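Quick caveat: nothing in here was measured; it's all calculated off a predicted structure.
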Amino acid sequence: MSGIDRHTGKLIGNYESALQSIEVIFTTRIGERIMRRHFGAGLAELLGRAMTVPLFAAWQMLLAVGIDLWEPRFRVRGVYVSANPTDVRLGNAGVRIEVDWRPRALVGDYSVDSVRSFSIRFGASLQIQ
């Protein structure tokens with residue numbers, strides 16, 4: 001299975017398509033889509049608030065829940081912070097997400113192919129690697 005890169009229009013593989021889906025989930029505000037108002041992760045709604053430990057925990061939970069709800073090819077195993085406190089205060093937070101990769105989940109086969117992890121950097125723009 002493959003998809004189309006939303007920025008370049010080029011053909012991409014299944015894993016890259018799933019990562020692109022995560023980008024869309026994280027950057028979509030709840031209520032933004034007309035026919036699917038409940039779509040999104042709720043992360044944008046937390047922007048601009050003072051960073052506290054409970055808020056950061058909620059942010060990590062929303063990352064995991066957004067993936068589990070909207071991207072069936074991934075099942076989250078863990079969300080790990082990869083930034084020091086100074087970076088977080090400056091708005092350059094980063095996380096590493098460990099997931100079960102289920103490449104055939106879109107056709108109903110939820111068997112786990114492998115365990116993978118990817119990093120997300122939040123700063124001037126969202127970067128998923």
Roughly how far, to the nearest 0.5 Å, is the OG atom of S17 from the CG atom of L106? 7.5 Å

Would the Y15 and F118 ring centres measure less than 6.0 Å apart? no

Minimum heavy-atom separation for V81 to Q60, with atom names? CG2-NE2, 3.5 Å

Indicate, with yes or no, if V99 and Y110 share a hydrophobic cluster defined by side-chain heavy-atom contacts under 4.5 Å among Ile, Leu, Val, Met, Phe, Trp and Tyr. no

Is any side-chain heavy atom of F74 closer than 4.5 Å to a side-chain heavy atom of D68? no

Within a strict 4.5 Å, meaning less than it, do heavy atoms of the R77 and I97 side chains meet? no

Hydrophobic cluster membership, with links at side-chain heavy-atom distances under 4.5 Å among I/L/V/M/F/W/Y: are M61 and L46 in one? yes

Kindly determine whether E45 and I30 satisfy side chain to side chain contact (heavy atoms under 4.5 Å, CB included), including the steps that lead there. CA-CA 8 Å; E45 287 75 10; I30 293 176; 3.9 Å; yes

Do V115 and W101 come within less than 4.5 Å of each other through their side chains, counting heavy atoms only? no

Check: V79 and W59 side chains under 4.5 Å, non-hydrogen atoms: no

Working for side chain to side chain contact (heavy atoms under 4.5 Å, CB included), residues R6 and V24: CA-CA 10 Å; R6 66 190 292 229; V24 172; 3.5 Å; yes

Tightest non-hydrogen contact, residues D109 and S111, listed as OD1-OG, 2.9 Å

In terms of hydrophobic clustering (I, L, V, M, F, W, Y; side-chain heavy atoms under 4.5 Å; direct or indirect links), are Y80 and F56 co-clustered? no

Can you check whether P103's main-chain N or O pairs, donor with acceptor, with N14's side chain at less than 3.5 Å? yes

Is the shortest side-chain heavy-atom distance between F26 and L62 below 4.5 Å? no

Spacing of CG belonging to L43 relative to OG1 belonging to T27, to within rounding of 0.5 Å: 9.5 Å

Tightest non-hydrogen contact, residues P72 and A105, listed as O-CB, 3.2 Å

Stacked cation flag R33 on F39, 6.0 angstrom / 45 deg: yes

Heavy-atom side-chain contact between I4 and I12 under 4.5 Å: no

Do S21 and W70 make a side-chain contact, defined as non-hydrogen atoms from C-beta onward lying under 4.5 Å apart? no

Can you see which heavy atom on A41 is nearest to which on G66, and at what distance? CB-CA, 4.1 Å

Run the side chain to side chain contact (heavy atoms under 4.5 Å, CB included) check on E98 and R116 step by step: do they pass? CA-CA 6 Å; E98 186 175 295; R116 297 190 181 192; over 6 Å; no

Are R73 and R104 packed together at the side-chain level, in the sense that at least one heavy-atom pair is separated by less than 4.5 angstrom? no

Using 0.5 Å steps for rounding, measure from the CD atom of Q20 to the CD1 atom of I25. 11.0 Å

Within a radius of less than 6.0 Å around CZ of R36, do more than 12 heavy atoms belonging to other residues, nucleotides or ligands occur? no

